[in-house]
Amino acid sequence: MKPQKASQYNHASIEKKWQETWQKDGVYTTKENDKPKQYILDMFPYPSGEGLHVGHPRGYIATDVYSRKKRMEGFNVLHPMGWDAFGLPAENFAIKHKVHPRVAVEKNIARFKEQLSLIGFDYDWSREINTTDPAFYTWTQWIFLQMYKKGLAYESSEPINWCPSCQTGLANEDVESDGTCERCGTKVEKRPMRQWVLKITDYADRLLNDLDKLPKWPEGVKEAQRNWIGRKEGVTISHAVEGDDVVLDTFSAYPAWLFADTFFVIAPEHPLVQELVRGTEQEKPVFDFVQEMKHVSEIERGAANKEKKGVFTGKYAIDPINKGARMPIWVANFAMMGFGTGIIRCSAHDERDFAFAKKYDIPLKEVVERTSDGPINAHDNSGVLKDSGPFSGKEISETLIKEMVDWFAKEGYGKRTVTYKIKDWVFSRQRYWGEPIPIIHCEKCGVVPVPEKDLPVLLPEVESYEPTGTGESPLAGINEWVNVSCPSCGGTAKRETNTMPQWAGSSWYYLRYIDPSNDNELVDQKKEHHWMPVDVYVGGDHATRHLIYARFWHKFLFDIGVVSQEEPFPRLEFLGFILAEDGKKMSKRFGNVVNPDDVVKQFGADAFRLYEMFIGPFESTVPWSTNGLVGTYRFLERVWGYYEDIKTVFGTVDKYKNDYKLDPFNKIIHQTIKKVTEDIESFKFNTAVSSLMILFNNLKEEETDGAFVVSGGGFPSYENFKKILQLLAPFAPHITEELWHELGEKESIHLSQWPTYDPQKVLDETVTIGVQINGKTRAELSIRTDASKEEMERAALALPRIVELLAGKSPKTVIAVPRRIINIVV
RNA sequence: GCUGGGGUGGCGAAAUUGGUAGACGCACUUGCCUUAGGAGCAAGCGGGGCGACCCAUGGAGGUUCAAGUCCUCUCCCCAGCACCA
């Protein structure tokens with residue numbers, strides 16, 4: 001019998017002890033040295049008032065495992081953590097509870113840190129950063145000024161998205177596809193107002209093309225960015241209007257139907273509409289329609305099944321393509337000012353246009369043989385063109401579309417044009433809790449940037465954080481802050497009172513960790529060159545927002561010589577969420593939140609960490625299961641119990657170390673070293689954990705046949721047992737540290753050298769393979785790994801079971817694949 | 001509608017990238033121990049059949065000695081984008 005003992009595994013005391021020791025000894029402090037570097041980064045959190053639930057730390061645990069392993073492999077590891085603390089939630093909390101947002105943020109950060117510390121992370125807290133720290137945001141403002149100098153930050157008064165609840169303007173990226181505010185779910189309105197805008201469109205092509213240089217990004221994220229950038233090549237065609245000086249421009253990326261187009265529609269808010277109808281008898285009906293449309297938001301108008309409505313302007317445009325044809329011009333709800341030119345050439349082949357034409361009896365022309373009733377849809381790339389000039393008789397294809405674009409441009413029907421879905425980044429917010437935009441408005445000089453020596457422009461104290469709702473930020477009310485003298489002429493001037501959006505700080509924060517106390521420059525060039533790029537960037541969400549903005553800023557910083565690479569994050573690991581046990585999103589609202597503090601208290605940080613890595617593939621969304629966690633807890637109890645057994649059997653560690661010469665588990669240990677090493681590298685943590693479990697299951701079963709035999713189990717050698725602990729150390733840092741020291745080690749296991757495997761020892765000398773007859777497995781064969789095909793065939797045909805089944809029939813062929821399979825075909 | 005990712009036991013999932021499908025964990029069943037708290041040990045656990053066997057990776061075809069994996073068609077689920085001109 002194996003010695004039976006109650007487990008002495010006391011996670012609470014072990015974990016507390018080592019967390020304190022690691023901190024005291026500065027085990028995880030990153031110092032500059034000559035070792036090869038690894039910069040491992042989490043998307044830093046927004047410290048909300050709700051605290052963490054068990055879903056949040058999944059990514060942090062992954063980077064923790066990865067960075068611990070890298071450190072043990074001899075890399076100089078930078079694994080920092082910080083806080084993305086500007087933004088609306090803290091401000092709303094502050095308004096509600098009448099405290100300064102800074103106070104709320106400090107409290108939340110303290111709470112987050114406390115929760116994180118219980119889990120035993122290896123963050124280098126000496127590099128902690130906070131986007132609301134003036135020493136940090138001075139550089140956010142500095143980058144803005146550099147963009148301003150390069151003409152990439154400009155003022156605009158175009159109508160922008162306005163959230164009536166948050167009372168601030170928003171970027172397109174902050175609006176959900178159903179037209180609601182990403183923060184609060186309120187319907188977003190269009191509202192003209194003065195704002196600061198960053199010219200991200202200047203970088204659109206590079207942001208798009210360089211995605212191809214990121215092979216280690218998930219395809220889905222890259223595709224989302226491509227869609228968001230939305231680059232389209234096509235032709236812009238200009239049309240003269242009969243009896244008018246007006247020219248109508250239309251854009252087409254799909255010119256297959258240009259010969260079919262018979263009418264125009266213009267967006268109601270298009271300025272040309274007024275010109276077209278001024279003084280005509282259509283002026284009144286058109287004006288009424290435009291007024292009506294003003295009350296309907298663009299998003300509502302865009303709802304897929306919205307009825308098509310419009311009014312005839314009474315005017316005709318001349319079609320240069322179908323020589324001189326007269327095309328009636330309509331104003332219609334389905335044309336959008338924000339898309340293309342706001343004017344559409346319409347044909348029978350577009351579902352929308354078709355429905356509209358039928359409703360108002362507008363003549364149509366078809367350029368494709370029809371096979372069914374109703375519209376022939378654009379973009380299905382099928383059909384043979386007719387009545388289409390030189391393209392008649394040609395089959396529609398992607399190549400033909402490209403040819404047509406070229407032809408229309410070459411023949412002078414239109415100009416080649418590229419359009420983008422991505423719009424310039426609306427960068428001002430009419431709220432308090434953000435970085436002040438470092439600009440001064442002078443009566444005489446106009447817009448004057450704050451001189452760099454005057455940075456940071458500190459966010460002033462204010463009586464009320466309430467948004468004013470007038471399109472001015474609460475800062476506008478602080479006269480002593482707003483009124484300044486112009487840095488250029490000394491005359492009276494006013495500060496810009498808009499603040500930056502939440503995304504500002506996160507667009508460059510990863511550079512700050514490199515040199516967190518550097519107040520002289522954004523980042524020391526030499527250190528930047530040493531640490532960048534980030535080797536692994538881990539996070540979820542933000543496929544298009546943060547990850548596009550950060551790439552944009554980084555490219556800009558590259559252009560002005562501050563950073564040395566064009567892309568900040570060559571490898572991105574996207575993580576899946578953890579749902580509640582009921583399969584729903586974990587949320588206070590559903591009352592299904594599991595708190596990591598409770599889990600850690602009951603089962604310990606190690607079991608929690610191990611479970612979060614074991615729960616499923618890192619990138620997939622999976623439901624939480626406290627029962628599943630019990631499994632990893634039991635596993636750690638077994639690990640602990642295994643050490644207890646060693647002590648019981650050998651008496652002392654010294655005896656185990658010096659007198660025990662057997663090692664029945666050498667092979668599987670080497671196999672596990674290989675598996676765990678490779679799996680951590682490729683973020684396959686679930687199978688790494690499973691291979692460690694398999695290893696321990698085997699340790700139990702193996703028999704030793706010499707001295708120190710415990711009936712029912714043998715032990716690995718002292719050295720090999722330490723290797724096993726090392727493999728487990730990144731996942732379960734506390735229990736392994738404790739046992740490591742129990743085994744007589746003085747240094748931290750986390751600073752020890754990662755075990756390597758001997759490729760020779762990984763190979764089995766025999767394998768069990770399946771023997772199939774006509775592709776169906778009928779027997780098993782245990783054979784030497786290096787057996788030749790002939791040997792395998794002979795051995796398989798000699799198996800009694802096979803002889804019996806063949807019943808004298810001779811096989812047609814035998815396929816023997818060494819170390820894989822034997823298939824006998826009869 | 002477009003794009004991306006998926007559909008494998010009761011559940012979370014593995015599968016050497018074309019080679020014995022279901023590793024590992026949970027749940028469950030049986031037995032031992034008789035156990036204070038999600039304890040331990042042994043055995044079992046996709047479905048059907050007493051059986052040798054048969055059927056099984058959303059569905060239907062195909063390629064192959066061999067398909068969860070490759071090809072064609074098709075049906076669902078999740079995410080992002082969408083009256084995109």
Side-chain angles (χ1 to χ4, degrees), chain A residues 1-2 4-7 176-178 218-228 230 232 234 250-254 257 261 264-265 301-306 308 332-336 338-347 350-353 355-356 377-380 419 421 543-544 576 602-603 611 614-617 619-635 637-638 641 675 684 686-687 689-694 697 700 712 768-781 804-805 811-817 819-826:
Chain A
M1 279 298 297
K2 202 163 188 172
Q4 199 81 58
K5 54 179 48 252
S7 174
E176 299 284 347
S177 55
D178 63 353
E219 202 45 51
V221 176
K222 286 195 275 187
E223 203 52 38
Q225 295 210 353
R226 286 189 194 105
N227 287 341
W228 190 261
K232 275 214 177 93
T250 61
F251 171 78
S252 173
Y254 192 85
W257 314 132
D261 295 332
F264 285 92
V265 302
R301 270 166 51 199
N305 44 16
K306 187 80 183 178
K308 278 111 202 102
N333 59 350
F334 64 90
M336 307 290 165
F339 195 89
T341 59
I343 307 171
I344 315 175
R345 268 180 74 105
C346 298
S347 79
D350 181 278
E351 215 170 320
R352 235 175 20 190
D353 304 352
F356 187 80
N377 266 335
H379 308 304
D380 69 356
T419 62
K421 175 192 147 77
T544 49
Q602 205 172 354
F603 298 98
Y611 177 62
F614 183 60
I615 191 167
E619 68 283 359
S620 43
T621 296
V622 281
W624 174 263
S625 157
T626 300
N627 265 329
L629 173 65
V630 170
T632 57
Y633 181 73
R634 283 187 199 144
F635 171 68
E637 278 194 317
R638 275 217 304 280
K675 178 79 177 152
K684 284 154 78 178
N686 54 331
T687 49
V689 173
S690 127
S691 72
L692 285 163
M693 289 173 167
I694 292 170
N697 289 346
K700 244 176 6 189
T768 305
I769 59 174
V771 180
Q772 303 179 327
I773 296 178
N774 291 338
K776 306 229 178 218
T777 306
R778 286 292 124 103
E780 281 185 352
L781 175 67
E804 187 192 329
L805 285 169
K812 231 189 281 173
T813 38
V814 177
I815 288 140
V817 184
R819 300 170 59 196
R820 293 268 190 278
I821 199 106
I822 297 168
N823 191 7
I824 301 163
V825 188
V826 292

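Order of the sequence lines fixes the chain letters, A, B, ..., with proteins taken first and strands second; residue numbering starts at 1 for each chain.
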- prompt: So does A:Arg634 get a side-chain nitrogen or oxygen closer than 4.0 Å to the phosphate oxygens (OP1/OP2) of B:A39?
  reply: yes
message: What contact category does A:Ala335 fall into here, base, sugar-phosphate, or nothing, at under 4.0 angstrom with non-hydrogen atoms?
response: base
Which nucleotide in B:G5, B:C65, B:A21 has an atom nearest any side-chain atom of A:Thr777: B:A21
Rounded distance in Å - CD1 (A:Ile824) to C1' (B:U20): 14 Å
query: A:Asn774 side chain N/O closer than 4.0 Å to the phosphate oxygens (OP1, OP2) of B:A66?
result: no
- prompt: Of all the choices, B:G19, B:G5, B:A14, which nucleotide is nearest to the side chain of A:Asn686 once you look at every atom?
  reply: B:A14
- request: Respond yes when some side-chain nitrogen or oxygen of A:Lys684 is under 4.0 Å from OP1 or OP2 of B:A23, and no when none is.
  value: no
For nucleotides 49-52 of chain B, give me every protein contact, N/O to N/O, under 3.5 Å, one pair per line with atom names.
from  : atom 1 : to       : atom 2 : distance (Å)
B:A52 : O3'    : A:Arg801 : NH2    : 3.0

- prompt: Which of the following nucleotides, B:G12, B:A85, B:G25, is nearest to the side chain of A:Met336?
  reply: B:A85
- prompt: What's the CG-C1' distance between A:Asn227 and B:A79, to the nearest Å?
  reply: 12 Å
query: Any N or O donor-acceptor pair linking the side chain of A:Lys421 to the base of B:C81 at under 3.5 Å?
result: no
- prompt: In terms of side-chain heavy atoms of A:Arg352, which of B:C84, B:C24, B:U20 is nearest?
  reply: B:C84
Separation of atom CG in A:Leu629 from atom P in B:A27, rounded to whole Å: 11 Å
field: Length of the NZ-P vector between A:Lys812 and B:A66, whole Å
entry: 10 Å
query: Can you find a side chain N or O atom of A:Asn697 that sits less than 4.0 Å from OP1 or OP2 on B:G25?
result: yes
message: Does A:Ile694 reach a base, just sugar-phosphate, or nothing at all? Heavy atoms under 4.0 Å.
response: sugar-phosphate
field: Closest listed nucleotide, where the reference is the side chain of A:Phe603 and the choices are B:G38, B:A85, B:G19
entry: B:G38
query: A:Ile344 side chain: which of B:U20, B:A13, B:A85 is closest?
result: B:A85
query: Looking at the side chain of A:Trp228, which of B:G12, B:C81, B:A13 is the nearest nucleotide?
result: B:C81
- prompt: If you measure from the P atom in B:U69 to the same atom in B:G7, how many Å do you get, rounded?
  reply: 11 Å
- request: With C1' as the reference atom in both, quote the distance from B:A42 to B:G47 in angstrom, rounded to an integer.
  value: 26 Å
task: Supply the atom-to-atom distance A:Ile344 CD1 to A:Met336 CE, rounded to the nearest 0.5 angstrom.
output: 8.0 Å
task: Could you check whether A:Val622 gets within reach of a base, just the sugar-phosphate, or nothing at all, counting any heavy atom under 4.0 Å?
output: sugar-phosphate
- prompt: Distance between the C1' atoms of B:G19 and B:A66, in whole angstroms?
  reply: 7 Å
Position toward the 5' end of RNA chain B (nearest nucleotide), A:Arg345 or A:Thr626: A:Thr626
task: Mind checking A:Pro617 for me? I need base, sugar-phosphate or nothing, with any heavy atom below 4.0 Å counting as a touch.
output: sugar-phosphate
query: Contact class for A:Glu223 vs. all strands (heavy atom < 4.0 Å): base, sugar-phosphate, or nothing?
result: sugar-phosphate
- request: Look at the side chain of A:Asn823 against the base of B:C65 and say whether a donor-acceptor pair falls under 3.5 Å; ignore hydrogens and angles.
  value: yes
Set of side-chain contact (heavy atoms from CB on, under 4.5 Å) partners for A:Glu223, sequence neighbours left out: A:Glu219, A:Arg226, A:Asn227
task: Grab the CG-P distance between A:Asp353 and B:A85 for me, whole Å please.
output: 11 Å
message: Once you apply a heavy-atom cut-off of 4.0 Å, does A:Thr768 come out as touching a base, just sugar-phosphate, or nothing?
response: base
task: Round to the nearest Å and state the distance from A:Lys675 atom NZ to B:C24 atom P.
output: 13 Å
- prompt: Taking the side chain of A:Val630 as heavy atoms from C-beta outward, which of B:G25, B:A14, B:G38 is closest to it?
  reply: B:G38
message: It should be established whether A:Arg778 places a side-chain nitrogen or oxygen under 4.0 Å from OP1 or OP2 of nucleotide B:U20.
response: no
- request: Just call it for A:Ser625: base, sugar-phosphate, or nothing, with non-hydrogen atoms closer than 4.0 Å on any strand.
  value: nothing
task: Report the distance from atom CD1 of A:Ile815 to atom P of B:A67, rounded to the nearest whole Å.
output: 12 Å
task: Just call it for A:Ser252: base, sugar-phosphate, or nothing, with non-hydrogen atoms closer than 4.0 Å on any strand.
output: sugar-phosphate
message: Need the glycosidic conformation of B:U64: syn if within 90° of 0, anti if not. Which one?
response: anti
Rounded distance in Å - NZ (A:Lys232) to P (B:A85): 4 Å
Torsion-based syn/anti label for B:G80, 90° from 0 as limit: anti
query: Between A:Tyr611 and A:Gly775, who's closer to the 5' end of RNA chain B by nearest nucleotide?
result: A:Tyr611
message: Suppose you measure atom P in B:C33 against the same atom in B:U17; what distance do you get, rounded to whole Å?
response: 48 Å
